[in-house]
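Read through the structure below, which is laid out as structure tokens, and then see the notes.
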Amino acid sequence: MEMKKIHSLFVACAVFTALFSPINRAIAADSEIGGSCGDNLRWTLDGTGTLTISGTGNMTDWQTADYTPWAIHRDSINSVVIGEGVSSVGNASFSFCENLSSAAIPDTVTSLPAETFLGCYGLCEVTLPDSLLSLGDYAFSECSALSEIILPHSLESIGESCFGFCENLTDITIPENTRDIGISAFEGTPWLDAKREESPFVTVNNILIDGFFCENDVIIPAGIEVIGDGAFYYSDTITSVTIPDSVEIIGNSAFSCCENLAEINIPESVKNIEMYAFENTPWLTAEKAENPFVSVNNILIDGTSCQGDIIIPQNITAIADGAFSGCTGITSAAIPEGVKSIGKWVFAYCENLAYVNIPESVTSIDDVAFYDCSALTSITLPQNIKSIGAEAFYSCSLVSADIPDAVTSIGEGAFYGCEELTSVSMPEKLPEIENSLFFRCESLTDIEIPETVKSIGDMSFSRCSSLDSITLPESVESVGNEAFSECEKLESVTIENPLCKIFGSDKTIPSTAVIYCPKGAAAQDYIDSFSREYKIIGEPEFVAGDVNEDSVVDSSDASLILVEYSRVQTGGETIMSDIQKKSADINDDNIIDSSDASKVLEYYSKISTGHL
């Protein structure tokens with residue numbers, strides 16, 4: 001996409017937000033409003049326009065700015081103060097707060113996620129903490145009043161278009177520690193324009209972040225270690241590129257859509273080539289015509305022209321992200337021993353891929369590796385694998401999944417939408433069930449949660465419509481919002497930990513399910529709030545009317561009730577256990593008297609005469 005098109009997209013988004021966002025409401029000068037914005041966080045907005053986030057822990061991630069609880073008041077916000085103790089800021093938290101002029105971030109925050117301050121046109125003062133490690137995609141995009149910013153020494157990464165189209169940003173201090181800079185991170189800023197006038201090669205910390213105005217035969221200067229994401233993206237004036245032997249990484253879309261780039265000299269020093277690095281170039285087209293397995297320094301960078309059952313060559317030691325993405329022609333793939341990871345998007349959208357042979361050398365499957373491989377019905381994971389990324393098997397047709405015990409991390413939504421998945425064997429050392437992990441696994445009937453799991457994430461089993469029961473072991477400390485929402489057949493949820501808290505709305509556990517928990521458990525708060533049926537773990541079962549516990553309801557039970565009633569009425573001590581009292585209190589009025597005995601006799605009479 002050309003830069004003009006990107007800018008047009010930003011403008012369109014801003015217009016759409018202005019037209020369709022919630023109506024803004026002013027706050028009276030002497031008033032204050034607020035509410036929850038995380039499990040242990042609260043927000044307040046006072047009459048001066050100061051939005052304060054206080055408490056401890058993580059802020060909720062918002063899908064868009066319109067989902068924030070202060071959305072209808074955002075035109076009233078002119079400053080944001082985040083208190084010490086807040087450990088994370090939610091996505092899009094302050095997007096399009098157009099009158100926001102200042103923001104203070106505490107040392108407890110280590111990252112600002114995507115779109116944190118997107119479209120805050122009045123933002124001119126930001127205090128970033130020394131603890132900050134990363135800035136997400138579009139975090140400060142279109143903050144047109146921002147003229148300078150000092151990034152802390154701790155900062156390691158800057159996301160895609162992070163400062164894009166900050167039209168007055170002339171002064172940026174970038175620390176030496178920053179080694180990851182996303183595509184178009186500074187596009188549309190006077191700072192970048194000035195750098196381009198100085199040299200066609202714009203570099204930061206030996207990272208070539210922009211070469212858009214280079215022409216013809218390009219020789220990249222020695223000393224460059226990384227060719228950054230999108231550095232030459234859509235540069236249609238370059239015809240050849242010589243890369244120095246100081247370069248180790250070629251970033252995402254580095255030369256993508258360079259429509260006249262026919263020759264590239266890549267040194268042996270390059271050890272990592274990221275997704276779409278040479279996409280839509282004459283060079284890549286020629287390489288694919290020569291061999292469907294396009295490789296550089298034993299890195300397989302493209303296999304999208306492959307067909308049928310493929311065997312990846314034995315000399316391949318790494319597979320670049322997205323190498324086979326969208327390749328509908330392959331039906332099976334054999335990965336050679338020596339490959340250590342299956343990267344992001346590697347087999348995504350390979351809709352006819354039915355089988356993959358994964359060698360024992362593979363220790364990780366990255367995010368979205370097999371995304372929407374709709375023909376993939378089974379997979380054997382190597383025993384040494386340690387991690388499975390977010391949405392790794394999104395919407396695959398897997399019937400079962402046997403996850404090795406070596407796995408200690410499974411990302412959000414890893415099996416999202418696997419509608420054919422009936423059973424899963426979980427690893428014994430897994431620390432948490434991530435958000436949406438088994439969302440819409442409609443055929444899943446049974447799963448055993450490992451005894452190491454501490455939390456059940458938001459919507460983790462939502463819409464598992466065949467799941468009828470689940471036991472959460474004593475290690476589980478929390479159940480996230482809507483964890484079991486729309487589980488239509490769920491009859492029981494057993495919570496063994498008395499301190500386990502259940503968060504969210506009445507949808508977290510469906511009303512059809514009985515909650516089993518210890519007496520006095522923290523889950524009782526949820527049970528009481530939403531009038532859920534529950535039973536106490538370890539409490540003896542009782543049958544109404546069977547006072548003598550002989551499994552028969554008859555006149556002898558009525559006699560025991562009358563004896564109990566008589567003793568209590570005359571000041572005597574009870575002769576019944578707690579469970580017998582529950583059985584005797586037929587009309588459930590917390591009193592044992594003759595009316596209960598009458599109901600037992602009435603029932604016995606009907607049973608004896610065959611009228612019941």
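Counting begins at 1 with the first residue of the sequence. Note that these values count all heavy atoms, side chains included, but never hydrogens, waters or copies made by symmetry.
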Out of C327, S374, C373, which residue meets the side chain to side chain contact (heavy atoms under 4.5 Å, CB included) rule with E351? S374

Please give me the minimum heavy-atom distance between [X] and [Y], naming the atom from each residue.
| X | Y | value |
| --- | --- | --- |
| T170 | W191 | O-CD1, 3.6 Å |
| L421 | C441 | CD2-SG, 4.2 Å |
| E274 | N272 | OE2-ND2, 3.8 Å |

Run S485 and S462 through side-chain hydrogen bond (donor to acceptor under 3.5 Å, both in side chains) and show every step you take. CA-CA 5 Å; S485 65; S462 181; 2.6 Å; yes

Is there a donor-acceptor pair closer than 3.5 Å between any side-chain N or O of [X] and the backbone N or O of [Y]?
| X | Y | value |
| --- | --- | --- |
| D137 | A114 | no |
| Y526 | I509 | yes |
| T108 | G85 | yes |
| S131 | V109 | yes |
| T116 | A139 | no |
| S154 | L132 | yes |
| S364 | S341 | no |
| S141 | Y138 | no |
| D107 | P129 | no |
| D46 | E32 | no |

Does N216 form a side-chain hydrogen bond (donor to acceptor under 3.5 Å, both in side chains) with T239? I'd like the steps, not just the answer. CA-CA 5 Å; N216 303 320; T239 55; 5.0 Å; no

Please list, one pair per line, the donor and acceptor atoms closer than 3.5 Å that link side chains of residues 246-254 to other protein atoms, with sequence neighbours excluded.
from: S246; atom 1: OG; to: G223; atom 2: N; distance (Å): 3.0
from: S246; atom 1: OG; to: I224; atom 2: N; distance (Å): 3.3
from: S246; atom 1: OG; to: I224; atom 2: O; distance (Å): 2.6

Do other residues, nucleotides or ligands put more than 12 heavy atoms under 6.0 Å from the CG atom of L133? yes

Decide yes or no for [X] and [Y]: does some side-chain heavy atom of the first lie under 4.5 Å from some side-chain heavy atom of the second?
| X | Y | value |
| --- | --- | --- |
| Y276 | S325 | yes |
| I150 | L128 | no |
| D180 | E156 | no |
| F347 | L376 | no |
| I207 | R179 | yes |
| L51 | L100 | no |
| I149 | F163 | yes |
| V204 | T178 | no |

Among side-chain atoms of [X] and [Y], is any donor-acceptor pair under 3.5 angstrom?
| X | Y | result |
| --- | --- | --- |
| T50 | T48 | yes |
| S455 | S478 | no |
| D302 | T304 | yes |

I would like to know whether W345 and D321 meet side-chain contact (heavy atoms from CB on, under 4.5 Å); could you show each step before the answer? CA-CA 6 Å; W345 303 103; D321 292 351; 5.6 Å; no

Test of ring centre spacing under 6.0 Å for Y371 and Y349: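 Judged by ring-centre distance (under 6.0 Å), Y371 and Y349 do meet the cut-off.
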
How far apart are the C-alpha atoms of F186 and I174, what are their side-chain angles, what is the distance that settles it, and do they pass the side-chain contact (heavy atoms from CB on, under 4.5 Å) test? CA-CA 12 Å; F186 307 103; I174 304 172; 3.7 Å; yes

Starting from the C-alpha separation in whole Å, work towards a yes-or-no answer on side-chain contact (heavy atoms from CB on, under 4.5 Å) for N91 and E115. CA-CA 6 Å; N91 290 339; E115 302 180 10; over 6 Å; no

Parallel, tilted or perpendicular: which describes the rings of W62 and W70, with under 30° parallel and over 60° perpendicular?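 Judged by the thresholds at 30° and 60°, the geometry between W62 and W70 is perpendicular.
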
Side-chain donor-acceptor distances from residues 409-419 under 3.5 Å, at least two apart:
from: E419; atom 1: OE2; to: R440; atom 2: NE; distance (Å): 3.0

R196 vs D210, test: salt bridge (Lys or Arg N to Asp or Glu O under 4.0 Å). Steps then yes/no. CA-CA 8 Å; R196 284 170 167 170; D210 186 272; 2.8 Å; yes

